[in-house]
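Structure, as structure tokens:
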Amino acid sequence: MDSLNSYIGRAIDAGDLEQAQAQIDDLVAESGETAATLYWRGNIALKQNQWDKAIGFYSQSEALDAHGPGREARLMLDDIMCFYNKDLYNP
């Protein structure tokens with residue numbers, strides 16, 4: 001499983017999102033949705049600039065594994081979305 005997770009991560013990093021999605025779908029068909037598969041789905045959504053979907057997948061991943069990478073990814077996106085530069089509003 002670790003080598004498959006590594007393969008999925010490399011495929012996402014390389015932009016081969018269709019291949020990564022196919023691998024995730026195979027995993028889900030075999031053993032059901034897990035925190036890991038939801039995390040990878042979130043990474044794919046993030047690569048596609050679908051931030052709302054990414055947050056949803058990360059939140060679902062966190063619900064299954066409160067200390068997993070889905071939590072960290074969700075918190076990171078929350079921080080990014082809450083950040084703003086006040087100087088841009090006061091020219």
Side-chain angles (χ1 to χ4, degrees):
M1 180 72 157
D2 288 335
S3 62
L4 186 57
N5 281 338
S6 179
Y7 174 80
I8 293 170
R10 285 192 310 270
I12 292 171
D13 290 343
D16 192 358
L17 304 182
E18 289 179 16
Q19 182 62 33
Q21 186 64 54
Q23 291 293 322
I24 293 167
D25 291 342
D26 289 346
L27 278 175
V28 170
E30 289 175 16
S31 57
E33 200 77 76
T34 65
T37 57
L38 289 163
Y39 170 74
W40 292 120
R41 289 184 192 279
N43 288 351
I44 290 171
L46 191 59
K47 276 281 199 178
Q48 296 171 329
N49 291 320
Q50 297 175 338
W51 291 50
D52 56 334
K53 285 185 178 184
I55 289 173
F57 285 128
Y58 291 148
S59 295
Q60 291 175 49
S61 175
E62 181 181 9
L64 295 176
D65 180 5
H67 302 289
R71 179 179 191 275
E72 293 299 317
R74 184 194 54 80
L75 291 173
M76 176 198 64
L77 285 181
D78 285 348
D79 285 346
I80 290 170
M81 295 184 77
C82 288
F83 175 80
Y84 65 96
N85 186 341
K86 293 178 184 177
D87 294 336
L88 294 176
Y89 295 107
N90 298 315

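Every heavy atom of this structure was used, including side-chain atoms; hydrogens, water molecules and symmetry mates were not.
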- Query: Is there any side-chain hydrogen bond (donor to acceptor under 3.5 Å, both in side chains) pair reaching into residues 51-62, and which pairs are they, with sequence neighbours excluded?
  - Reply: Asn43-Tyr58, Glu62-Arg74
- Item | CD1 on Ile80 to CE on Met76, rounded to 0.5 Å | 4.5 Å
- Message: I need the minimum non-hydrogen distance between Leu77 and Ala54, along with the two atoms involved.
- Response: CD1-CB, 4.0 Å
- Less than 4.5 Å apart, any side-chain heavy atom of Ile12 and any of Ile44? yes
- Task: Find the distance between CG (Leu75) and CD1 (Ile55) and round it off to the nearest 0.5 Å.
- Result: 10.5 Å
- For residues Thr37 and Arg41, is any side-chain donor paired with an opposing acceptor at under 3.5 Å? no
- Message: So which atom in Tyr39 and which in Ala73 form the shortest heavy-atom distance, rounded to 0.1 Å?
- Response: CE1-CB, 4.1 Å
- So CZ of Phe57 and CD of Gln50: to nearest 0.5 Å the spacing works out to 8.5 Å
Ignoring hydrogens and angles, write down the donor-acceptor pairs under 3.5 Å from the side chains of residues 13-22, residues two or more places apart or on other chains.
residue : atom : partner : partner atom : Å
Asp16   : OD1  : Gln19   : N            : 3.4
Gln21   : NE2  : Asp25   : OD1          : 3.0

